[in-house]
K.L.:
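Dumping the structure here so I can ask a few things about it.
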Amino acid sequence: MKFWQLKVFQEIMLTGSVGQAARNLGRTQSSVSTTLGKLETHFGYQLFERRNRRLVPVPEAHYLYAETERIL
């Protein structure tokens, strides 16, 4: 897991959107989406459920977010 992946995850948790996270981070939507996909592959499960163009965090994502806040 890389620092950048945690930063992307944190921003998605805050915004609930890959597009908004990308804008806030100054990156393309596809690069942020790819980073999220790699992070989910690293853990072996999805961190978000996709609902109506929004990302809803699964319970494990909330735990990771708490840990990410401590790290960052």
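None of these values were measured; they are calculated from a predicted model.
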K.L.:
What are the two closest heavy atoms between S17 and R54, and how far apart are they?
P.N.:
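Residues S17 and R54, closest heavy atoms: CB-NH1, 4.1 Å.
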
K.L.:
Is there any ring-ring contact (aromatic ring centres under 6.0 Å, His included) pair reaching into residues 4-24, and which pairs are they, with sequence neighbours excluded?
P.N.:
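The answer is F9-F48.
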
K.L.:
Would you say Q10 and L6 make side-chain contact, with heavy atoms under 4.5 Å?
P.N.:
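They are not in contact (no side-chain heavy atoms under 4.5 Å apart), so the answer is no.
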
K.L.:
If I take atom CD from residue E11 and atom CZ from residue R23, how far apart are they, to the nearest 0.5 angstrom?
P.N.:
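Going from the CD atom of E11 to the CZ atom of R23 covers 11.0 Å.
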
K.L.:
Tell me whether the count of non-hydrogen atoms from other residues, nucleotides or ligands lying under 6.0 Å of CZ in R50 goes above 12.
P.N.:
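Buried by this count: over 12 neighbours within 6.0 Å.
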
K.L.:
Does the side chain of L55 come within less than 4.5 Å of L36's, by heavy atoms?
P.N.:
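Yes, at least one pair of side-chain atoms sits under 4.5 Å.
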
K.L.:
Would you say L39 ends up clustered with I71 if hydrophobic residues are merged whenever their side chains have heavy atoms under 4.5 Å apart, either directly or through other cluster members?
P.N.:
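Same cluster.
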
K.L.:
Mind checking side-chain contact (heavy atoms from CB on, under 4.5 Å) for H42 and listing every partner two or more places apart, or none if nothing turns up?
P.N.:
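If we apply the side-chain contact (heavy atoms from CB on, under 4.5 Å) test to H42, skipping adjacent residues, the hits are M1.
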
K.L.:
Counting C-beta onward and ignoring hydrogens, is there a side-chain heavy-atom pair between L72 and F3 closer than 4.5 Å?
P.N.:
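L72 vs F3: side chains touch.
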
K.L.:
Under 4.5 Å between side-chain heavy atoms, hopping through other hydrophobics if needed: is there a path connecting V56 to L64?
P.N.:
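The answer is no; the residues belong to distinct hydrophobic clusters.
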
K.L.:
Hydrogens and angles aside, do S33 and S30 bring a side-chain donor and acceptor to less than 3.5 Å of each other?
P.N.:
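Side chains of S33 and S30: no pair found under 3.5 Å.
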
K.L.:
Verify the neighbour count for atom OH of Y63: are there more than 12 heavy atoms of other residues, nucleotides or ligands below 6.0 Å?
P.N.:
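Count not over threshold, so no.
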
K.L.:
Do E69 and K7 sit within salt-bridge range, that is, some charged N less than 4.0 Å from a carboxylate O?
P.N.:
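Judged by the 4.0 Å cut-off on N to carboxylate O distance, E69 and K7 do not form a salt bridge.
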
K.L.:
In terms of hydrophobic clusters joined by side-chain contacts under 4.5 Å, are F43 and V32 together?
P.N.:
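Both belong to a single hydrophobic cluster.
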
K.L.:
Output yes when a side-chain donor or acceptor of Q20 lies under 3.5 Å from a complementary backbone atom of T15, and no otherwise.
P.N.:
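Here the side-chain-to-backbone pair does not exist.
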
K.L.:
Can you give me the closest heavy-atom contact between M13 and P57, atom names plus distance?
P.N.:
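It is SD-CB, 3.7 Å.
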
